[in-house]
Amino acid sequence: MSDLLNQLNPQQQQAVAAPPGPILVLAGPGSGKTRVLTYRIAYLIAALEVPAYQIMAVTFTNKAAREMGHRVESLLGEKTNGLWLGTFHAICGRILRREAAHLPVDANFVIYDADDQLALIKLVIKERRLNESDYRPNQVLSRISNAKNDLLGPAEYPLVSYRDETIKGLYHAYQAYLVASNAMDFDDMLLYTANLLETQPDLRRKYAQRFQHILVDEFQDTNLAQYQLIHHLASLHNNIFVVGDEDQSIYRWRGADYRNVQRFTKDYPAGEKILLTQNYRSTQTILDTAVAVINQNPHRTEKALFTDRGAGESVTIYEAPDDHDEAAYVVETIARQVAAGKAKESDFAIMYRTNAQSRQLEEAFRRANMSYRLVGAQRFYGRREVKDMIAFLRLIYNPKDEVSLNRVINLPPRGIGQVSLEKLRTFARQAGLSSGETLLFLNTDGNSVDDTYLGSAAIRLRPFSQLLAGWQANLDQIPLTALFDQVLLDTGYEGYIKADSDELQDRWGNVLELRSVLLEYEEQGLGEFLEAMALVADQDTLPDTIDAPTLLTLHAAKGLEFSQVFIVGLDEFFLPHSRSRDDPEALAEERRLFYVGLTRAQDRLFLVRAQRRRSPYGSYEYMQPSRFLSDIPDALTKGNFSRFANKRNEYDVNQYQWDRQYTPTPKRTVTNKTESRTQRFHPEMHVQHPVYGEGIVRNSRLEYGDETVEVYFEGLGLKALVASMSSLEILGD
């Protein structure tokens, strides 16, 4: 065993060879936490002679579990039969099937995946005669999941409002269906196991006696149910060894709670805390940059990260004039280094906060005739919502497009089923027409298609045929973006997207990003746009194994490393995301997310932002530099960013409070030759716009007998609107 310990640094040796008991290992990025966990298992078996079957090691992915098992066997040179090594759900499954007598389901229960859960909650909502637009299935499932992660069953679901009463009822019905189906969802596996160990003392003693040592990887990503589960399993021997880093907890939206690190310290006051601070990945300058950012977060353990790799190059900060130049700078910097033989294309990673931000980068790579690969999401033009909207446009341009018609005729759902479609296709074939042409024929005067051939199907088909005819009539009469907006409004696609997605902001953001692409083809026309999109589809067939720069979100970057890293979009409302502005916990997680991105870089780090970005509606919005940039000492960087932002968008970036320089103007009346208008809108009113959504009034003034209102819309920036023409609705004072 001494040979094994000699392969570790002093901090790692201290953790691996620590005496039995509660041990919390806080491992900085790139410090070898997986190595420590693996060697700890080998140490328990080889040095302390603990039988493998008395050890449980919990990971978060099956891949990590397999790799850890292979590495332990490689270290020991023998099989580790009996070792319980797997994910939380896999281990819970083993326990639950053994102890099914204590459950409301049988041992052969099935596990519902995400699609099964969604179908079930939709059924429950329908049976309760509720509207899915009021109780969106994914949001209801999220509320149920959060409750289960907090160990709350239907009876314990907290009630704050009437809406909570309804969701509680949905939770009851959903759970009853699961039991009746002899099924459980993924959250049930944790909840049932934790409850069994809590309420059945004999069972708790049985498993706590069996497992002398409990080891947990990625401890910062555990939720309350997982914490209680391992707490019960370690209740007899108290030999619990957890490895993690609260600074890398970035899955709060999945229920992960970094405060479990604090709970561990409280529940095991005599436990040993060991810090792993020697980094094997990054230069000291990169580490100092990351530490300067994360040190601003409260409720954490400070770690002085160090490396033997030397200081390395300064962090490059680049402020682009606009988002187009932001993407061009990234691609040109990569191309220059590759051409000079200083780097390979695969050395580079470009990271961003949301998937929609990849679009400008993808366009820039294509313009430069450079390959790229996308991790963690489909390529922009291959995403469902983007393909949906392109299909609408293709059908408008060419009603004979059968594929596009099949994709969108019932999108969003409008009651057109397979029977109606088959009748439409049958008549079209008999008439020598395409299905799309037949639909348009339904709108001509004097036809009897509906009576003679389609029967009742015509009633369901006619509304869509009217929409298609209206869009076609406007094809050459209005700008492309106006046509795009008309399709969105006529179909209610925004509501459909937001009712049918856990990532509604990202998906709706992709739709708006496509709108901004259309702006570039206003003069060329729809045909040119569709041809360009067809060429993009060919690019999407590039294999993922090519030697190419990697594009990925910051969430997808967890656990990866690259020689050179670009983090783009370092603007307020992008990083940190706009959703964090009123939530200190969310803001702290945004900072942790940035920290994860920073610490993926091995040799060079580029931080990039844009002074202004083009909105989906054509205008440019001036952006605020991310507050995170101000946390980085100048001595670590080269390049600059604007410290003072455009006054029109100015607000307190430290507190996220709206600028109080806009004070309510006394109501007054202005009279012109034809009419008089009274000021209706005042600063900080909440308003609703039919296209932009909800916003907050920043300023209002009477001009030329009408009222001009400046409204801030989340993710879109400040808009100046003429009140009489904008259909603004006041939501509250």
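When atom types are taken as modelled, the side chain of Thr199 and the backbone of Asn195 share a donor-acceptor pair closer than 3.5 angstrom. At distances below 3.5 Å, not a single donor-acceptor pair connects side-chain atoms of Ser74 with backbone N or O atoms of His70. A donor-acceptor contact shorter than 3.5 Å links the side chain of Arg383 to the backbone of Asn355. Although no hydrogens or angles enter the test, the distance criterion places no donor-acceptor pair under 3.5 Å between the side chain of Gln209 and the main chain of Lys206. Using a distance-only test at 3.5 Å, with no hydrogens or angles considered, a donor-acceptor pair links the side chain of Arg40 to the main chain of Val16. Here the side chain of Lys558 pairs a donor or acceptor atom with the backbone of Gln248 at under 3.5 angstrom. Of the possible donor and acceptor atoms, one in the side chain of Asn239 sits under 3.5 Å from a partner among the backbone N and O of Gly21. At least one donor-acceptor pair under 3.5 Å links the side chain of Thr599 to the backbone N or O of Tyr595. Panel note: side chain Gln226, backbone Asn223; a donor-acceptor pair is recorded below 3.5 Å. Side-chain atoms of Ser31 come within 3.5 Å of backbone N or O of Gly28 as a donor-acceptor pair.
From Gln117, atom CD reaches atom CG of Asp188 across 8.5 Å, with rounding to the nearest 0.5 Å. Interatomic distance, Lys303 NZ to Asn295 CG, rounded to the nearest 0.5 Å: 9.5 Å. Between the CZ atom in Phe211 and the CG atom in Leu233 there is a gap of 7.0 Å [rounded to 0.5 Å]. Rounded to the nearest 0.5 Å, atoms CD (Gln262) and CG (Leu24) are 11.0 Å apart. Rounding to the nearest 0.5 Å places CG of Asn238 at 11.5 Å from CD1 of Ile23. Taking CG of Leu593 as the reference point, atom CG of Leu575 lies at 6.5 Å (rounded to 0.5 Å).
In plain terms, the two heavy atoms of Asp603 and Ser563 that are nearest each other are OD2-OG, 2.7 Å. Among all heavy-atom pairs drawn from Thr307 and Thr283, the shortest one is CG2-C, 3.8 Å. Closest of all the heavy-atom pairs between Ser282 and Ala601 is OG-O, 2.6 Å. Residues Ala100 and Asp106 share a closest heavy-atom pair of CB-C, 3.9 Å. Heavy atoms only, all atoms of each residue included: Leu151 and Ala194 are closest at CD2-CB, 3.8 Å. Across all their heavy atoms, Asn260 and Leu224 have their closest contact at ND2-N, 4.3 Å.
Using a 3.5 Å distance cut-off with no hydrogens or angles, the side chains of Tyr280 and Asn9 do pair a donor with an acceptor. Using a 3.5 Å distance cut-off with no hydrogens or angles, the side chains of His577 and Glu590 do not pair a donor with an acceptor. For the 3.5 Å distance criterion, the side chains of Thr59 and Asp217 fail to qualify, holding no donor opposite an acceptor. For Glu362 and Tyr372, the side-chain atoms include at least one donor-acceptor pair closer than 3.5 Å. Glu246 and Ser249 are not linked by any side-chain donor-acceptor pair at a separation below 3.5 angstrom, with hydrogens and angles left out of the test. No side-chain N or O of Thr285 forms a donor-acceptor pair with one of Arg309 less than 3.5 Å apart. If you check the side chains of Gln337 and Gln564, you find a donor sitting under 3.5 Å from an acceptor.
Under 4.0 Å is where a charged nitrogen must lie from a carboxylate oxygen, and between Arg591 and Asp247 no such pair does. Salt bridge Arg300/Asp245: absent, no basic N to carboxylate O contact under 4.0 Å. Salt-bridge check for Lys148 with Asp185: passed, with a basic side-chain N closer than 4.0 Å to an acidic carboxylate O.
A heavy-atom distance below 4.5 Å is not found between the side chains of Thr333 and Thr316. Between Pro10 and Gln14, every side-chain heavy-atom pair lies at or beyond the 4.5 Å cut-off. Taking 4.5 Å as the limit, every side-chain heavy atom of Thr222 sits out of range of all side-chain heavy atoms of Val242. At least one side-chain heavy atom of Met351 sits less than 4.5 Å from a side-chain heavy atom of Val565. No side-chain heavy atom of Phe606 sits less than 4.5 Å from a side-chain heavy atom of Ile567. In this structure, the side chains of Tyr192 and Met184 come closer than 4.5 Å at one or more pairs of heavy atoms. For the pair Ser314/Leu636, no side-chain contact is recorded, criterion being any heavy-atom separation below 4.5 Å from C-beta on. Taking 4.5 Å as the limit, every side-chain heavy atom of Leu598 sits out of range of all side-chain heavy atoms of Val315.
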For residues 84-93, which side-chain N or O atoms pair as donor and acceptor with protein atoms under 3.5 Å away, sequence neighbours left out?
residue, atom, partner, partner atom, Å
Thr87, OG1, Ala90, N, 3.1
His89, NE2, Phe186, O, 3.2

Acceptor/donor pairs from residues 44-53 side chains to any protein atom, 3.5 angstrom cut, sequence neighbours excluded:
none

Kindly determine whether Lys33 and Glu218 satisfy salt bridge (charged side-chain N to carboxylate O under 4.0 Å, His left out), including the steps that lead there. CA-CA 9 Å; Lys33 69 174 181 60; Glu218 301 287 5; 3.0 Å; yes
Derivation of the side chain to side chain contact (heavy atoms under 4.5 Å, CB included) call for Phe241 and His213: CA-CA 8 Å; Phe241 186 98; His213 291 267; over 6 Å; no
Can you list the steps and then say if Phe306 with Thr277 is a side chain to side chain contact (heavy atoms under 4.5 Å, CB included)? CA-CA 6 Å; Phe306 71 95; Thr277 57; 3.4 Å; yes
Begin with the C-alpha distance, continue with both residues' side-chain angles, and end with the deciding distance and a verdict on side chain to side chain contact (heavy atoms under 4.5 Å, CB included) for Phe348 and Val330. CA-CA 10 Å; Phe348 299 92; Val330 172; over 6 Å; no
Go through Glu589 and Tyr251 one step at a time and tell me if the side chain to side chain contact (heavy atoms under 4.5 Å, CB included) criterion holds. CA-CA 8 Å; Glu589 178 145 304; Tyr251 298 116; 5.7 Å; no
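Under the salt bridge (charged side-chain N to carboxylate O under 4.0 Å, His left out) criterion, the residue pairs touching residues 260-273 are Asp257-Arg263, with sequence neighbours excluded.
Around the NZ atom of Lys344, the shell of radius 6.0 Å holds no more than 12 heavy atoms that belong to other residues, nucleotides or ligands.
Partners of His102 by side-chain contact (heavy atoms from CB on, under 4.5 Å), not counting sequence neighbours, listed by chain and number: Glu99, Leu196, Gln200, Leu203. With sequence neighbours excluded, the residues forming a side-chain contact (heavy atoms from CB on, under 4.5 Å) with Arg281 are Pro29, Asn279, Glu561, Arg600, Gln602, listed by chain and number. With sequence neighbours left out, Thr550 forms a side chain to side chain donor-acceptor pair (under 3.5 Å) with Arg373.
By the 30° and 60° cut-offs, the orientation of the rings of His231 relative to Tyr268 is perpendicular.
Under the 6.0 Å distance and 45° angle rule, Arg252 does not count as a cation-pi partner of Tyr258.
Between Phe594 and the options Phe628, Phe574, Tyr352, a ring-ring contact (aromatic ring centres under 6.0 Å, His included) holds for only Phe628.
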